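Quantities reported herein were computed from a predicted structural model and do not represent experimental measurements.
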Amino acid sequence: MTGRILIDLFMTLDGVAQGPGGTDEDPSGGFEFSGWQAGYPSSGMGETVSQGMQRLDALLLGRRTYDIFASYWPHHTEGPSEEIGRLFDRVPKYVASRNPDIALAWQNSHRVGDDLAAEIAELRAQHDEVHVIGSIDFVHSLLAGGLFDELNLWVYPILLGTGKKVFDDGAMPSVLRLLEPPAVDDSGVMLLRYGRTGRVPEVGTFED
């Protein structure tokens, strides 16, 4: 069975996925709202995030997200509440970078990026479920190449009006299908899970 590539993103209602987790996560381009997710706590989505992580057996990350994870998760692996930390520490971590000399100190970390399509095919052959978390710049490359199987979006009822958006002008034209009914918590955060169909949008004219 061929493994799957899953993209997991927190985004605003106007599609911004830049820097949700902390004020210094991604202020590039003069972005003033890095850390916006912390300012709108979600009451019920933590469990859905944890459940979605249980099946992953590899991480595929952009360099910025990898550095953030590597500075945090190896130090959060003890105790009953650190299940995700132990998981991330244990599984292979693949880091997208064109720099062959990057230092990847976190255990079981490997560079990819010389031939992304071929390397994605290798990851599918080696793993059952590879998750791409955050990494919006890298996600743009995956969307442009159609190099994913499932897109999981946690949509917050926030409008920022600026910032890096999930879908830029380079995304491959695609028809997606909703995999399950949307899940919504009490704070209005919605989880949307989409899968690829292999189809492209068709055009036509409405006629009487």
message: Applying side chain to side chain donor-acceptor pair (under 3.5 Å) as the test, list every pair that has at least one member in residues 100-109; sequence neighbours left out.
response: Y66-S109, D89-W106, D89-Q107, N108-H110

Test item: F88 and M53 side chains (from C-beta on) under 4.5 Å apart, heavy atoms: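 Answer yes - side chains close enough.
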
- prompt: Is the shortest heavy-atom distance from the side chain of L6 to the side chain of V132 under 4.5 Å?
  reply: no

message: Can you see whether Y194 has R177 sitting over its ring - NZ or CZ less than 6.0 Å from the centre and within 45° of the normal?
response: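 Here R177 fails the 6.0 Å and 45° test against Y194.
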
message: Assigning hydrophobic clusters by single linkage (Ile, Leu, Val, Met, Phe, Trp, Tyr; side-chain heavy-atom cutoff under 4.5 Å), is M172 placed with V139?
response: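 No, M172 and V139 fall in different hydrophobic clusters.
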
Report the residues that fulfil salt bridge (Lys or Arg N to Asp or Glu O under 4.0 Å) with [X], sequence neighbours left out, ordered by chain and then residue number.
| X | value |
| --- | --- |
| D115 | none |
| R193 | E150, E180 |
| E129 | R4, R55 |
| K93 | none |

task: With salt bridge (Lys or Arg N to Asp or Glu O under 4.0 Å) as the test, would you mind laying out the steps for D26 and K164 before giving the verdict?
output: CA-CA 10 Å; D26 186 3; K164 299 174 185 176; 3.1 Å; yes

message: With a 6.0 Å cut-off on the ring centroids, do F10 and W36 count as close?
response: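 Ring centres of W36 and F10 not closer than 6.0 Å.
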
query: How would you list, by chain and number, every residue that makes a side chain to side chain contact (heavy atoms under 4.5 Å, CB included) with P27, sequence neighbours excluded?
result: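 Testing P27 for side chain to side chain contact (heavy atoms under 4.5 Å, CB included), a comparison that skips the adjacent residues, returns none.
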
task: Assess whether salt bridge (Lys or Arg N to Asp or Glu O under 4.0 Å) is satisfied between D149 and R124, documenting all intermediate values.
output: CA-CA 10 Å; D149 300 286; R124 293 184 195 277; 2.2 Å; yes

query: Parallel under 30°, tilted from 30 to 60°, perpendicular over 60°: which one fits the rings of W73 and F69?
result: perpendicular

